[in-house]
Asker: 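Pasting in a structure now, in C-alpha cells, and then I'll have a few things to ask.
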Amino acid sequence: MVRMTPQPARATRQKRQQMIIDHVLEHGDATMTELVALTGVSVMTVHRDIAELSGQGILRKYHGGVSAQPSTVFESSSDFRLHAATQDKQALARAALAFISPGMSLMLDDSTTALSLARMLPEVGPLTVVTNYRLILEELRSVEDIRLICIGGEYSRTHDSWLGLPALEMISSFSVDLSVLSTSAMTAGMTYHQEQEIITVKRAMRKAGAKSMLLMDHSKVGRSALHRLEPVDSFDHVLLTGPADEELLTAMGKLTDVRTIDAD
C-alpha cells in the first residue's frame, strides 16, 4: 500500500484561501456559511482566513460575509476587475486605438481597461509605453516594436501595480504624448476613486500627458466614491460605453470631448 504524505499546514492554508478567493471573485461576495461549506473547516478557521485576506487587501469583510465588489470606500482587486465588463473594455480600447499613431509615447495606468488597450498596441507599430501595471508589462515585454518603461515603487498586491512616493517621483519625470486612465466612478462634472494612494498616482499620470484620455464602462458612470480624482474637463477626451443618461452626457459634453462607444 502506498502511504500518502500529508501536506504541510501552510500549503493546506494556501490552498484553502485560494478556494475562498476563487469563489468570491466568481460570485462577487459570499456568506460565512457558504465559505465554511466550501472549505470544510470551522467558522473560526474561515474567520482567520478572511482576516488574513482582507489584511492583504484582496477581499473586503462585512457583517456576515466577504466581498470582492467595489464600494464607495473600497476598490475591488485586480483579479476581480479582470473579469468585469470585459466586452465594454474591449470596445473602449478599440475606440482609444484610433487616437494612437506610430512613434507616440503613452502612459497607461493600472486599470484593466488600459490593459485591454495594451493588448491591441502591437497593431499600431513603434511606440513607447510607460506603466506601473504588472500585467501590462507582461503583455508587452516581448513586443519588439514597443519600448517599455516600468514605473517602480511599493508593490500593491491588491492592484498588482507599483505605487507610493517612488512611483510619483518617477511619473513626474516623464512627458508623454498621451496618458490613458480609467477610474472607479464619475458624475457629470467629477471623477472619483476610493483610495487616496491611487488618486495621487492617477493625478500625476494625467498631468504627465500632453493629452489625456479617460475610458469608462457604463457601470462606473453616474456614481461617486470617497475621494475626488479630477474634474471631467481635466481630460481632453472621455470615452464611455452606453447606456448613459442623456442629461449627464449633455452636461459632460459642455466640458470636454465626450464619445459614447457601442459595446456590442
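Predicted model only: the values in this text are computed from it and were never measured.
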Asker: Going from CD1 on I261 to CE on M216, what distance comes out if it is rounded to the nearest 0.5 angstrom?
Answerer: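 Between I261 CD1 and M216 CE, I get 14.0 Å after rounding to 0.5 Å.
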Asker: Using side-chain contact (heavy atoms from CB on, under 4.5 Å), reason through D110 and I198 one step at a time and then give a plain yes or no.
Answerer: CA-CA 9 Å; D110 61 356; I198 299 294; 4.1 Å; yes
Asker: Are any of the side-chain heavy atoms of E195 and I199 separated by less than 4.5 Å?
Answerer: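 They are not in side-chain contact.
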Asker: Under the 3.5 angstrom rule, does the side chain of T256 hit a backbone N or O of D236 as a donor-acceptor pair?
Answerer: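 Answer holds: yes.
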Asker: Identify the residue among S234, S224, P231 that makes a side-chain contact (heavy atoms from CB on, under 4.5 Å) with M190.
Answerer: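 Result for side-chain contact (heavy atoms from CB on, under 4.5 Å) with M190: P231.
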Asker: When hydrophobic residues are tied together by side-chain contacts of less than 4.5 Å, even through go-betweens, does L181 share a cluster with L239?
Answerer: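 No, because L181 and L239 fall into different hydrophobic clusters, even though each may have its own neighbours under 4.5 Å.
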Asker: Same cluster for L117 and L148 if Ile/Leu/Val/Met/Phe/Trp/Tyr side chains link at under 4.5 Å?
Answerer: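 Per the 4.5 Å side-chain linkage, L117 and L148 are co-clustered.
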Asker: In this structure, is the centre-to-centre distance between the rings of H227 and Y192 below 6.0 Å?
Answerer: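 Ring centroids of Y192 and H227 are no less than 6.0 Å from each other.
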Asker: When you look at M104 and V124, which way does the side-chain contact (heavy atoms from CB on, under 4.5 Å) test go after all the steps?
Answerer: CA-CA 10 Å; M104 288 181 65; V124 177; over 6 Å; no
Asker: Distance check, rounded to the nearest 0.5 Å: I151 atom CD1 versus E169 atom CD?
Answerer: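 So the gap between those two atoms works out to 12.5 Å.
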Asker: Applying side-chain contact (heavy atoms from CB on, under 4.5 Å) to I100 and L127, what does each step give before you reach the verdict?
Answerer: CA-CA 9 Å; I100 301 170; L127 295 168; 3.8 Å; yes
Asker: Around atom CG of L165, are there more than 12 heavy atoms of other residues, nucleotides or ligands at under 6.0 Å?
Answerer: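 12 or below, so no.
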Asker: Taking the side chain as C-beta and beyond, is there a heavy-atom pair between V129 and I149 under 4.5 Å?
Answerer: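 They are not in side-chain contact.
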Asker: Does any part of the side chain of V130, heavy atoms only, come nearer than 4.5 Å to the side chain of L108, both counted from C-beta?
Answerer: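 The answer is no; the side chains never approach within 4.5 Å.
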Asker: Is T241 close to D262 at the side-chain level, that is, under 4.5 Å between some pair of heavy atoms?
Answerer: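 A side-chain contact is absent here, since even the closest heavy-atom pair is not under 4.5 Å.
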Asker: Evaluate K61 against I50 for side-chain contact (heavy atoms from CB on, under 4.5 Å), listing each step before the verdict.
Answerer: CA-CA 7 Å; K61 290 192 298 183; I50 294 305; 3.1 Å; yes
Asker: If you round to the nearest 0.5 Å, how far is CG of L38 from CE of M32?
Answerer: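 Answer for the CE-CG pair, M32 versus L38, is 11.5 Å.
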Asker: Do V41 and R16 come close enough that some side-chain heavy atom pair is under 4.5 Å?
Answerer: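 Yes. Closest side-chain heavy atoms under 4.5 Å.
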Asker: Whether D217 and K89 form a salt bridge (side-chain N of Lys/Arg under 4.0 Å from carboxylate O of Asp/Glu) is what I want to check.
Answerer: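 Looking at D217 together with K89, the answer is no, because their closest N to O distance does not fall below 4.0 Å.
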Asker: Could you measure the distance from the CG atom of L140 to the CD1 atom of I146? Nearest 0.5 Å is fine.
Answerer: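 Interatomic distance, L140 CG to I146 CD1, rounded to 0.5 Å: 4.5 Å.
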Asker: Do D109 and T131 have side-chain heavy atoms sitting under 4.5 Å apart?
Answerer: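 D109 vs T131: side chains apart.
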Asker: Hey, is the main chain of A263 close enough, under 3.5 Å, to the side chain of Q87 for a donor-acceptor pair?
Answerer: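 Indeed, once roles are kept as given, a pair shorter than 3.5 Å links the two residues.
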Asker: Does E154 have more than 12 heavy atoms from other residues, nucleotides or ligands lying within 6.0 Å of its CD?
Answerer: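 It does not: E154 CD has 12 such atoms or fewer within range.
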Asker: Can you tell me how far the CZ atom of R206 sits from the NZ atom of K211, to the nearest 0.5 Å?
Answerer: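 Result: 12.0 Å between the selected atoms.
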Asker: Would you say M186 and V180 are hydrophobically clustered, going by side-chain heavy atoms of ILVMFWY under 4.5 Å?
Answerer: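 Each belongs to a different hydrophobic cluster.
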Asker: Any side-chain to backbone donor/acceptor pair from K220 onto L240? Under 3.5 Å, distance only.
Answerer: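 No: the side chain of K220 does not pair with the backbone of L240.
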Asker: Does a side chain donor of either T45 or R48 reach within less than 3.5 Å of an acceptor in the other side chain?
Answerer: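 Yes, R48 and T45 have a side-chain donor paired with an acceptor closer than 3.5 Å.
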Asker: Does any N or O in the side chain of T191 come within less than 3.5 Å of the main-chain N or O of E230, such that one atom is a donor and the other an acceptor?
Answerer: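 At least one qualifying donor-acceptor pair exists.
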Asker: If only atom types and distance count, is the side chain of S105 paired as donor or acceptor with the main-chain N or O of D177 below 3.5 Å?
Answerer: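 At least one qualifying donor-acceptor pair exists.
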Asker: Show, in sequence, the C-alpha distance, side-chain angles and deciding distance for D49 and R13, and conclude whether the salt bridge (charged side-chain N to carboxylate O under 4.0 Å, His left out) test is met.
Answerer: CA-CA 8 Å; D49 287 336; R13 184 174 73 255; 5.3 Å; no
Asker: Stepwise, does the side chain to side chain donor-acceptor pair (under 3.5 Å) test hold for Q90 with S116?
Answerer: CA-CA 6 Å; Q90 290 170 5; S116 294; 5.8 Å; no
Asker: Is there a path of hydrophobic side-chain contacts, each under 4.5 Å between heavy atoms of I/L/V/M/F/W/Y residues, joining Y155 to L135?
Answerer: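 They do share one cluster, since a chain of ILVMFWY contacts under 4.5 Å joins L135 to Y155.
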Asker: H159 side chain to S161 main-chain N or O, any donor-acceptor pair under 3.5 Å?
Answerer: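 Between the backbone of S161 and the side chain of H159 there is no qualifying donor-acceptor contact (under 3.5 Å).
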Asker: If you group Ile, Leu, Val, Met, Phe, Trp and Tyr by side-chain heavy-atom gaps below 4.5 Å, do L121 and V176 land in one group?
Answerer: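 No, L121 does not connect to V176 through the hydrophobic network.
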Asker: With a 4.0 Å cut-off on N to O distance, would you call R94 and E123 a salt bridge?
Answerer: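 E123 and R94: salt-bridged.
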Asker: Could you tell me the separation between the OG1 atom of T183 and the CZ atom of F235, rounded to the nearest 0.5 Å?
Answerer: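 One finds 7.5 Å between OG1 of T183 and CZ of F235.
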Asker: Can a donor-acceptor pair be found, under 3.5 Å and without considering hydrogens, that links the side chain of D160 to the backbone of Y133?
Answerer: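 Absent.
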Asker: Donor-acceptor check, side chain of R223 to backbone of T187, threshold 3.5 angstrom: yes or no?
Answerer: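 Flag not set: sc R223 to bb T187 has no pair under 3.5 Å.
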Asker: Under 3.5 Å, is there a donor-acceptor pair between the side chain of S212 and the main chain of S179?
Answerer: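 It does not hold such a pair.
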Asker: Would you say the side chain of M170 lies within less than 4.5 Å of the side chain of W162, judging by non-hydrogen atoms?
Answerer: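 Answer no - side chains too far apart.
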